[in-house]
Number of protein chains: 2
Amino acid sequence: MNATRATELLRSAELRATTQRVLLLATLIAEAKPLSVDDLGLRTKNSLDTATIYRTLETFKEKGLVRRVDLDQGRALYEHAGEHHHHIVCTKCGTIRDLDICLPKTLQNQVREESRFAHVNQHALEFFGVCKKCV
Amino acid sequence: MNATRATELLRSAELRATTQRVLLLATLIAEAKPLSVDDLGLRTKNSLDTATIYRTLETFKEKGLVRRVDLDQGRALYEHAGEHHHHIVCTKCGTIRDLDICLPKTLQNQVREESRFAHVNQHALEFFGVCKKCV
DNA sequence: ATCCAGATGCAAATGGTTTGCATCTGGATA
DNA sequence: TATCCAGATGCAAACCATTTGCATCTGGAT
């Protein structure tokens with residue numbers, strides 16, 4: 001069960017381990033993929049108020065427990081924050097797969113130079129395609 | 001003036017060159033950066049109905065005249081579709097700068113293999129940082 | 001067992017985007 | 001150039017994800 005793991009994580013993030021937070025975090029850990037607020041509502045059997053889910057996800061994000069992913073225009077997705085990675089999305093069925101790749105350092109340095117920004121902190125990289133089932 | 005250029009582009013896209021479309025496309029060409037629906041409303045002196053802007057942008061997108069950029073959670077941005085490129089956004093002031101870089105082919109091939117998708121059609125790559133003015 | 005700052009639930013408000021419908025117009029045709 | 005109509009526009013209402021105000025509840029410290 002991920003409830004104990006979730007509780008531990010909440011404690012180390014200095015957050016009160018409420019029923020709702022444990023449930024949400026455990027769900028995010030269990031599913032291990034980006035979920036929408038609706039998804040989270042369904043997977044927790046609508047036992048949580050929508051506003052609570054939004055507020056909780058925001059809190060989690062601030063503490064680095066989850067990461068927000070913008071794959072979908074229209075609604076936000078959140079995933080348990082493990083290692084930095086990227087995704088590929090099937091434009092037909094919406095399936096999301098994790099990718100174990102990242103940008104080469106050379107490209108990141110190139111951006112630092114070309115942008116003339118003082119800092120380059122992060123990047124979003126998402127791929128879109130058609131999965132085998134949807135060909 | 002970009003109006004004639006816009007009219008030409010509309011014609012070759014087989015779209016009726018209405019006053020509104022010419023105005024919108026000319027504005028997108030002139031600004032040469034991602035604009036929100038609100039931005040477009042202001043820059044056209046609120047002479048266009050919001051619904052018209054949304055519908056027109058959707059039409060333009062289908063015809064490949066504009067590209068939608070998701071930099072901002074909350075509202076969509078659209079830019080005149082020139083060459084494929086990416087952006088860097090200042091997380092303090094919101095300034096967007098074009099980047100003349102793209103993913104190395106090797107990485108794209110890596111994604112093709114690792115994803116096991118039938119096709120990989122496109123990617124979104126955005127950088128976030130702090131520009132010199134905002135340090 | 002008590003207590004209270006912070007968390008939750010509920011409902012209403014917000015803001016971007018979409019849609020139904022009556023009217024208008026670009027541009028093809030005669 | 002005048003006519004015509006499919007498609008475009010304007011307006012207002014509807015939608016939907018997200019946020020917010022506020023009264024009540026609760027985790028965990030005392």
Side-chain angles (χ1 to χ4, degrees), chain A residues 3-4 6-28 34-63 65-78 94, chain B residues 3-4 6-28 34-63 65-78 94:
Chain A
T4 38
T7 307
E8 285 170 18
L9 286 171
L10 287 168
R11 290 266 155 68
S12 41
E14 298 185 319
L15 291 176
R16 283 166 61 171
T18 65
T19 313
Q20 295 85 337
R21 286 176 175 174
V22 172
L23 183 52
L24 279 176
L25 189 50
T27 303
L28 285 161
L35 298 176
S36 68
V37 169
D38 272 4
D39 291 337
L40 285 165
L42 290 174
R43 283 170 176 70
T44 53
K45 298 171 188 169
N46 296 307
S47 61
L48 306 183
D49 189 81
T50 309
T52 302
I53 301 181
Y54 278 105
R55 279 187 287 229
T56 304
L57 288 170
E58 184 57 30
T59 306
F60 285 2
K61 184 157 70 84
E62 283 164 8
K63 293 292 184 176
L65 291 173
V66 303
R67 190 179 297 132
R68 180 189 170 124
V69 190
D70 291 301
L71 296 177
D72 190 328
Q73 70 302 356
R75 58 185 187 171
L77 302 178
Y78 294 83
Chain B
T4 38
T7 307
E8 286 170 17
L9 286 171
L10 288 169
R11 291 267 155 70
S12 42
E14 298 185 319
L15 290 176
R16 283 167 60 170
T18 66
T19 313
Q20 294 85 339
R21 285 177 177 173
V22 172
L23 183 52
L24 280 176
L25 189 50
T27 305
L28 286 161
L35 299 176
S36 68
V37 169
D38 272 3
D39 292 336
L40 285 165
L42 289 175
R43 284 170 177 69
T44 54
K45 298 170 186 168
N46 296 307
S47 60
L48 306 184
D49 189 82
T50 310
T52 301
I53 302 181
Y54 278 106
R55 281 187 286 227
T56 304
L57 288 171
E58 185 56 30
T59 306
F60 285 1
K61 184 155 70 82
E62 283 164 7
K63 294 291 183 175
L65 291 172
V66 303
R67 191 180 295 132
R68 182 190 169 124
V69 191
D70 292 301
L71 296 176
D72 190 326
Q73 70 302 357
R75 59 185 186 168
L77 302 178
Y78 294 83

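Residue numbers start from 1 in every chain, and the chains themselves are labelled A, B, ... in the order their sequence lines are given, proteins ahead of strands.
Residue B:Thr56 is classed as a sugar-phosphate contact, given heavy-atom separations below 4.0 Å to backbone atoms only. The residue B:Thr59 sits apart from the nucleic acid: no heavy atom pair falls under 4.0 Å. Nucleic acid contact for B:Thr7: none, since no nucleic acid atom lies under 4.0 Å from a heavy atom of the residue. The residue B:Thr19 sits close only to the backbone: its heavy atoms come under 4.0 Å of sugar-phosphate atoms, none of a base.
The CG atom of A:Leu48 sits 15 Å away from the P atom of C:dA7 (whole-angstrom rounding). Atom CG of A:Leu10 and atom C1' of C:dA7 are 13 Å apart (whole Å). Taking atom CZ of A:Phe60 as the reference point, atom P of C:dG6 lies 17 Å away to the nearest angstrom. Look at CD on A:Gln20: it is 17 Å from P on C:dG6, rounded to the nearest Å. Across the protein-nucleic acid pair, A:Glu58 atom CD and D:dT19 atom P stand 7 Å apart, rounded to whole Å. Separating the CD1 atom of B:Ile53 from the C1' atom of C:dG16 is a distance of 13 Å, rounded to the nearest angstrom.
Heavy atoms from other residues, nucleotides or ligands lying under 6.0 Å from CD of A:Glu14 number 12 at most.
Across all strands shown, C:dT2 forms a Watson-Crick or G-U wobble pair with D:dA29, both key distances being under 3.5 Å.
Listed by residue number, B:Gly74, B:Arg75, B:Ala76 are the residues of residues 67-77 of chain B with a heavy-atom contact under 4.0 Å to DNA chain C.
Among the candidates A:Leu77, A:Asp39, A:Asp72, the single residue satisfying the side-chain contact (heavy atoms from CB on, under 4.5 Å) test with A:Pro34 is A:Leu77.
For the pair B:Arg16 and B:Arg55, both in contact range of DNA chain D, the more 5′-proximal nearest nucleotide belongs to B:Arg16.
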